[in-house]
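Following this message is one structure expressed as structure tokens.
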Amino acid sequence: MQQLSIFDCPLTEKHQFQIHDRVKLQLVGESTNFEIYNYRKYYYDHLIGKIGTVNEVRGNTIMVQISEEIIPCEACELEWIA
């Protein structure tokens, strides 16, 4: 048995993110994903709405660098910036 994190749940992705993509961190709706909503709201509130860069893609987890911080995200939290 393996313990999963909130980032291991497979969701339908709108965009296949790649390294060096520019993305904007969005706060997902509380009704969409309660765990991610609360995690971002209380720990990373200062980064919501900021633009960052994809550093690594690990399965369902996308590592994003925003303002000198690297945080794990799900695709549903990110908006691709052209």
Side-chain angles (χ1 to χ4, degrees):
M1 183 182 279
Q2 181 182 10
Q3 182 175 352
L4 301 176
S5 73
I6 61 173
F7 301 104
D8 292 327
C9 180
L11 297 173
T12 306
E13 294 185 26
K14 296 178 184 176
H15 178 78
Q16 291 289 342
F17 293 100
Q18 299 176 4
I19 296 174
H20 302 299
D21 278 354
R22 289 179 42 133
V23 294
K24 182 177 181 180
L25 183 63
Q26 299 178 333
L27 185 61
V28 296
E30 187 174 9
S31 60
T32 303
N33 193 319
F34 183 75
E35 280 187 82
I36 292 176
Y37 171 81
N38 283 313
Y39 184 76
R40 292 289 177 237
K41 184 176 176 184
Y42 295 109
Y43 292 104
Y44 292 104
D45 187 46
H46 61 287
L47 298 179
I48 294 170
K50 304 281 177 145
I51 295 176
T53 306
V54 174
N55 281 357
E56 186 177 353
V57 179
R58 299 184 201 162
N60 296 328
T61 305
I62 301 163
M63 303 301 288
V64 178
Q65 180 173 357
I66 304 174
S67 303
E68 305 296 326
E69 290 189 59
I70 298 176
I71 59 170
C73 300
E74 276 198 23
C76 64
E77 299 178 83
L78 300 173
E79 177 186 344
W80 182 72
I81 306 292

If you round to the nearest 0.5 Å, how far is CH2 of Trp80 from CD of Gln16?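 With rounding to 0.5 Å, CD (Gln16) is 13.0 Å from CH2 (Trp80).
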
Qualifying side-chain hydrogen bond (donor to acceptor under 3.5 Å, both in side chains) pairs with a residue from residues 42-54, counting only residues at least two apart or across chains: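 For residues 42-54: His46-Glu69.
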
Taking side chain to side chain donor-acceptor pair (under 3.5 Å) as the definition, give me every residue that meets it alongside Glu30, ordered by chain and number, with sequence neighbours left out.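 Per chain and number, Glu30 pairs via side chain to side chain donor-acceptor pair (under 3.5 Å) with no residue.
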
Mind checking the CD-CD1 spacing from Glu74 to Ile62? Nearest 0.5 Å is all I need.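 Answer for the CD-CD1 pair, Glu74 versus Ile62, is 8.5 Å.
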
Say you draw a straight line from SG of Cys73 to CG of Asn60; how long is it, rounded to the nearest 0.5 Å?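 Output value for this atom pair is 13.0 Å.
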
Under the side-chain contact (heavy atoms from CB on, under 4.5 Å) test against Leu25, which residue among Leu47, Val64, Ile51 passes?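 Only one of Leu47, Val64, Ile51 forms a side-chain contact (heavy atoms from CB on, under 4.5 Å) with Leu25, namely Leu47.
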
Considering residues at least two apart in sequence or located in another chain, which fulfil the side-chain contact (heavy atoms from CB on, under 4.5 Å) criterion with Ile70?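 For Ile70, the residues satisfying side-chain contact (heavy atoms from CB on, under 4.5 Å) (neighbours in sequence not counted) are Asn55, Met63, Gln65.
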
Which residues satisfy the side-chain contact (heavy atoms from CB on, under 4.5 Å) test with Glu79, sequence neighbours excluded?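 Per chain and number, Glu79 pairs via side-chain contact (heavy atoms from CB on, under 4.5 Å) with Lys24, Gln26, Ile81.
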
Spatial distance of atom CZ (Arg22) from atom CG (Leu78) [nearest 0.5 Å]: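 Answer rounded to 0.5 Å: 13.5 Å.
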
How close do Thr61 and Pro72 get, heavy atom to heavy atom, and via which atoms?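 Taking Thr61 first and Pro72 second, the nearest heavy atoms are CG2-CB, 3.6 Å.
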
Rounded distance (nearest 0.5 Å) linking atom CZ of Arg40 with atom CD1 of Ile48: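 The distance works out to 8.0 Å.
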
With Asn38, which residues qualify under side chain to side chain donor-acceptor pair (under 3.5 Å), at least two apart?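 Result, side chain to side chain donor-acceptor pair (under 3.5 Å) vs Asn38: none returned.
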
Looking only at non-hydrogen atoms, find the nearest pair between Asn33 and Val28 and report the distance.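 Looking at all heavy atoms of both residues, the shortest contact is O-CG2, 4.1 Å.
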
